[in-house]
Protein chains: 2
Amino acid sequence: MAERAQYEELMRQFSAFSAVRRELGRILPSDCPSGSAAVLTLLGRFGAMRMSRLAELLSVDMSVTSRHVAHLAERGWLDRSPDPTDKRSRIVHLTPLGLARLEQLSESTTQLLAERLADWSDREVAELTRLMTRLRASFDDSRVAVPPRLPPPVLADPEATTRTPANT
Amino acid sequence: MAERAQYEELMRQFSAFSAVRRELGRILPSDCPSGSAAVLTLLGRFGAMRMSRLAELLSVDMSVTSRHVAHLAERGWLDRSPDPTDKRSRIVHLTPLGLARLEQLSESTTQLLAERLADWSDREVAELTRLMTRLRASFDDSRVAVPPRLPPPVLADPEATTRTPANT
DNA sequence: TATTGTTATACTCTATAACTATA
DNA sequence: TATAGTTATAGAGTATAACAATA
């Protein structure tokens, strides 16, 4: 358990981090802003999935996901095929074109990171990655009200969503 | 120097971090969104300063800073007094009301962080803070000094700002 | 009646550019 | 001519709510 001053300092760094995000976002092509890039990345890593699952992984409302996906679909980078098991659902998957786009993005962002972190040790990069992963998990867990010890496999519940509640 | 896969993983965590930011932003009162909170925090930490200095610390364009500051001034949380040494400039400083507001914000965000990071060790919190500070520095440095390849020596001047260039 | 996904609307943050008042 | 700050405009991301189709 840390002291208040430590949390305040951490908050300041959280706030300052947005400058880093903006800098990384500047190298993105105008037809593929950060929201779109995030979708491509998740599909590349986890493969085809339902809209609801995608929204969950993005931690945004499904309405937001829907917009991002529509944007990418218009450009031919992904397809939305009907889910045979549930006609309300759609399965989102990358097209070959989308995969190529993802490769390009990954290439350029990786290169920028490598430049900026040129004097970071391998271990430091790994440690920052680990701590940010843990940070995300800490926020996700408490959002679902899980006991503060046993970190259940994050995002394990396939039914959990972040969508807008239906009007009752 | 890390490998490409490590940078890709780090990028994913950068992307996921926005969910943490949004969660922290949700507890902010509607009359004091994150941009305003950042200004209050900087003034609380570094004291009164010029608009240009504030923009630099925020790493945003001065036009953005101007809007945030105007928002806060309307609510009586800060004042903009003329700079005696340069009549074009204005010195921004917290009012007692603004200081009180800052205390409230700090209190609530600190508490939320303490809850979410309840099972983090003191050392881990410090380490994450350190690495994020270093991250910001790595990006700031390369923006000013380090010539990665052959970028023109723009912004090398210590007075450099992030403002929109004047129309020539 | 509840859920999946889409769309309309609104709000915040940001950058660019034009403008003013000083330097 | 250049700089400090303001304002207008536009673009991106997000949430809420209302809606259609299906479960």
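Treat the numbers as computed from the prediction; the structure is a model and nothing was measured. So that the names make sense, note that chain A is the first sequence line, chain B the second, and so on, each numbered from 1.
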Dot-bracket for DNA chain C, 5' to 3', counting Watson-Crick or G-U wobble pairs under 3.5 Å, with [ ] for crossing pairs and | for inter-strand pairs? |||||||||||||||||||||||
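- Taking atom CE of residue A:M62 and atom P of nucleotide D:dA17, one finds them 16 Å apart after rounding to whole Å.
- Neither B:I91 nor B:L58 shares a network with the other; the hydrophobic side chains, linked directly or stepwise wherever heavy atoms of I, L, V, M, F, W or Y lie under 4.5 Å apart, form separate groups for each.
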Strictly under 3.5 Å: I want the nitrogen or oxygen pairs between protein and nucleotides 11-13 of chain C, one per line.
residue	atom	partner	partner atom	Å
C:dC13	OP1	B:S34	N	3.1
C:dC13	OP1	B:S34	OG	3.2
C:dC13	OP1	B:G35	N	2.5

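- Rounding to whole angstrom units, CZ of residue A:R26 and C1' of D:dA12 are separated by 13 Å.
- In terms of heavy-atom proximity, A:P33 sits nearest to A:H71 at CD-NE2, 4.0 Å.
- Look at CE on B:M49: it is 12 Å from P on D:dG5, rounded to the nearest Å.
- The side-chain contact (heavy atoms from CB on, under 4.5 Å) with A:V39 is formed by just one residue from the set A:L57, A:L78, A:T65; it is A:L78.
- Note: CG (B:L28) to C1' (D:dA15) measures 15 Å, nearest angstrom.
- Sorted by first then second residue, the salt bridge (charged side-chain N to carboxylate O under 4.0 Å, His left out) pairs that include residues 6-17 of chain A, not counting sequence neighbours, are A:R4-A:E8, A:E9-A:R12, A:E9-B:R45.
- Annotation: salt bridge (charged side-chain N to carboxylate O under 4.0 Å, His left out) contacts involving residues 65-82 of chain B, sequence neighbours excluded, are absent.
- Contact of A:S63 with D:dT14 (side chain to base): no donor-acceptor pair of N or O atoms is detected under 3.5 Å.
- Residues meeting the side-chain hydrogen bond (donor to acceptor under 3.5 Å, both in side chains) test with B:Q104, sequence neighbours left out: B:R101.
- Using a cutoff of 4.0 Å between basic side-chain nitrogens and carboxylate oxygens, A:R130 and B:E124 are scored as salt-bridged.
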side-chain hydrogen bond (donor to acceptor under 3.5 Å, both in side chains) between B:R50 and B:S89, intermediate numbers included: CA-CA 7 Å; B:R50 296 168 57 157; B:S89 269; 2.7 Å; yes
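- When the P atom of C:dT4 is taken as reference, atom CD1 of A:I91 falls 12 Å away, rounded to whole Å.
- The shortest non-hydrogen separation linking A:F139 to B:E23 is CD2-CG, 3.6 Å.
- Contact detail for A:H68 and A:S36: the closest heavy-atom pair is ND1-N, 4.4 Å.
- The interatomic distance linking B:H71 (NE2) with C:dT14 (C1') rounds to 16 Å, in whole Å.
- Using a 4.0 Å cut-off between charged nitrogen and carboxylate oxygen, A:R136 and A:D140 count as a salt-bridge pair.
- In this structure, B:E23 places its CD atom 11 Å from P of D:dA15, rounding to the nearest Å.
- C:dT22 atom C1' lies 16 Å from atom CE of B:M51, rounded to whole Å.
- Listed by residue number, the members of residues 76-89 of chain A with any heavy atom below 4.0 angstrom from DNA chain C are A:R80, A:R88, A:S89.
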